[in-house]
*Asks:* 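Let me begin by handing over the structure; questions about it come next.
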Number of protein chains: 2
Amino acid sequence: MARTTGSHSDITGPRVRAAALRLFAAGGYAAVSMRAIAAEVGVQAGALYNYTPDKQSLLFDLMQGHMTDLLAETPSDPTRPAMQQLQDFVAFHIRFHADRPDEVFIAYMELRNLTPENFAVIEGLRREYEDRLETILRTGVENGYFAVADPKIVTLAIIAMLTGVNTWYRAGGRLSLDEVVAQYWDMVRKAVTV
Amino acid sequence: MARTTGSHSDITGPRVRAAALRLFAAGGYAAVSMRAIAAEVGVQAGALYNYTPDKQSLLFDLMQGHMTDLLAETPSDPTRPAMQQLQDFVAFHIRFHADRPDEVFIAYMELRNLTPENFAVIEGLRREYEDRLETILRTGVENGYFAVADPKIVTLAIIAMLTGVNTWYRAGGRLSLDEVVAQYWDMVRKAVTV
DNA sequence: GTCTATATAGTGATAGAC
DNA sequence: GTCTATCACTATATAGAC
């Protein structure tokens, strides 16, 4: 992928972010050098600084983009029964995360490599996502469909369980994503039902 | 903690491991220098190499020690009913992990910083632990106590859910560890019961 | 917009004095 | 067993030519 010369501003920027995403997910933010990212893109290290002010911004932009995409696509229809909303949430979470293994890995593993200011932003987005699920659980409790002693705990437990799928699921493996979604929905449904 | 001179072989070794544990958990293996570990112990960087052949061994020893402790302490009594064995496992997992937040964090976050040979060892120990739970689930299914379509999936889901406690639980917080164990056991029990 | 070259600082690990 | 000093690299980021 060695390049020669010329102008590529409109395509190089996305390629820098894609290379950083792949390399950060594979080796970890601290272990990946700007030179390695540049080599993956096919430019020299100095050229990266036309697309990002520094390495930290590269990480933050990837994580922020991931979290805002997550929030934008989360299903949210308060008119549906709580049980349906919960099923929608479970299916969405598994499918969204299965589609973006690198982003998910970074979002969980590289939090400590964010500056305190950037960490606060990402943490806020994460809490916003958790609140979506917690609201569904509280609604179901109020309406008598769910038996959940502590909605906050159950929220965190469900999200941890669902996100765990990413540690083992691979497309083309023993189970289809449909089967995975069905299995996890079965567990979640039983765990929260009266 | 600056030191002056003298011999400390029997106490410096454990202190090196303790410092590496704390710093790796706080900043990540790749981001922590041998000089930082030495400073935490109160010696110069060169002196560390009296206690470890290299930085990689320091990480591996911490992870291997954690996993062998985990396996050694896991309750295992096949004569008890599967439901009791499962409850024992859930309570043990939460308490063991709550006691060792740094070790748990490293065991999950630093897998990719192990050499391939060391990774294979840790991965084998991890699978051994998962097999303990999977065996309990299969026993309960055979005896008609559990309704679990795919014991392997449920094993991974339960472990992910339980380990997630470490991301938010802090001693002295809103919930006691007894309450946390009770809440999670309630969810697990309902999720696997017929 | 990308290049080459470089400033400045840090890295893991080792050698040899004490 | 710990020290100081150092080797050989690598790091992020910048300056200036083209």
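By convention in this document, chain letters (A, B, ...) are assigned in the order of the sequence lines, proteins followed by strands, and residues within each chain are numbered from 1.
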*Asks:* Ignoring the backbone of A:Tyr49, work out which of C:dG1, D:dA13, C:dT14 is nearest its side chain.
*Replies:* D:dA13
*Asks:* Taking atom P of C:dG1 as reference, at what distance in whole Å does atom CZ of A:Arg15 sit?
*Replies:* 15 Å
*Asks:* Under the ring-ring contact (aromatic ring centres under 6.0 Å, His included) test, which residues partner A:Phe24, sequence neighbours left out?
*Replies:* A:Tyr29
*Asks:* Assign each of A:Asp54 and B:Gln44 to its nearest nucleotide of DNA chain D by heavy atoms, then name whichever residue's nucleotide is nearer the 5' end.
*Replies:*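 Result of the comparison: B:Gln44.
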*Asks:* Between the protein and nucleotides 5-11 of chain D, are there any N/O to N/O pairs under 3.5 Å, and if so, what are the atom names and distances?
*Replies:*
unit_1 : atom_1 : unit_2  : atom_2 : d
D:dA11 : OP1    : A:Ser33 : OG     : 3.1

*Asks:* In whole Å, I'd like the distance from the CG atom of B:Leu48 to the C1' atom of D:dG1.
*Replies:*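 Rounded to the whole Å, the gap is 12 Å.
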*Asks:* Inspect the surroundings of OH in B:Tyr169 and state if more than 12 heavy atoms from other residues, nucleotides or ligands are less than 6.0 Å away.
*Replies:* yes
*Asks:* Could you pull out all residues at least two apart from B:Ser33 that satisfy side-chain hydrogen bond (donor to acceptor under 3.5 Å, both in side chains)?
*Replies:* none
*Asks:* By ring-ring contact (aromatic ring centres under 6.0 Å, His included), which residues pair with B:Tyr129, not counting sequence neighbours?
*Replies:*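 If we apply the ring-ring contact (aromatic ring centres under 6.0 Å, His included) test to B:Tyr129, skipping adjacent residues, the hits are B:Phe89, B:His93.
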*Asks:* For B:Arg95, enumerate each residue passing the side-chain contact (heavy atoms from CB on, under 4.5 Å) test, keeping only those at least two apart in sequence or located in another chain.
*Replies:* B:Leu177, B:Asp178, B:Val181
*Asks:* Rounding to an integer number of Å, can you tell me how far A:Asn50 CG sits from C:dT2 P?
*Replies:*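 Rounded to whole Å, this separation is 6 Å.
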*Asks:* Between C:dA13 atom P and B:Tyr51 atom OH, what is the distance in whole Å?
*Replies:*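 Value for this atom pair: 17 Å.
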*Asks:* OP1 or OP2 of C:dG1 less than 4.0 angstrom from a side-chain nitrogen or oxygen of A:Thr12, does that happen here?
*Replies:*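 For A:Thr12, the contact criterion (side-chain N or O under 4.0 Å from OP1 or OP2 of C:dG1) is not met.
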*Asks:* Does A:Phe96 have any ring-ring contact (aromatic ring centres under 6.0 Å, His included) partners at least two apart in sequence or in another chain, and if so, which?
*Replies:*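 Checked A:Phe96 against ring-ring contact (aromatic ring centres under 6.0 Å, His included); matches are A:His66, A:Phe92.
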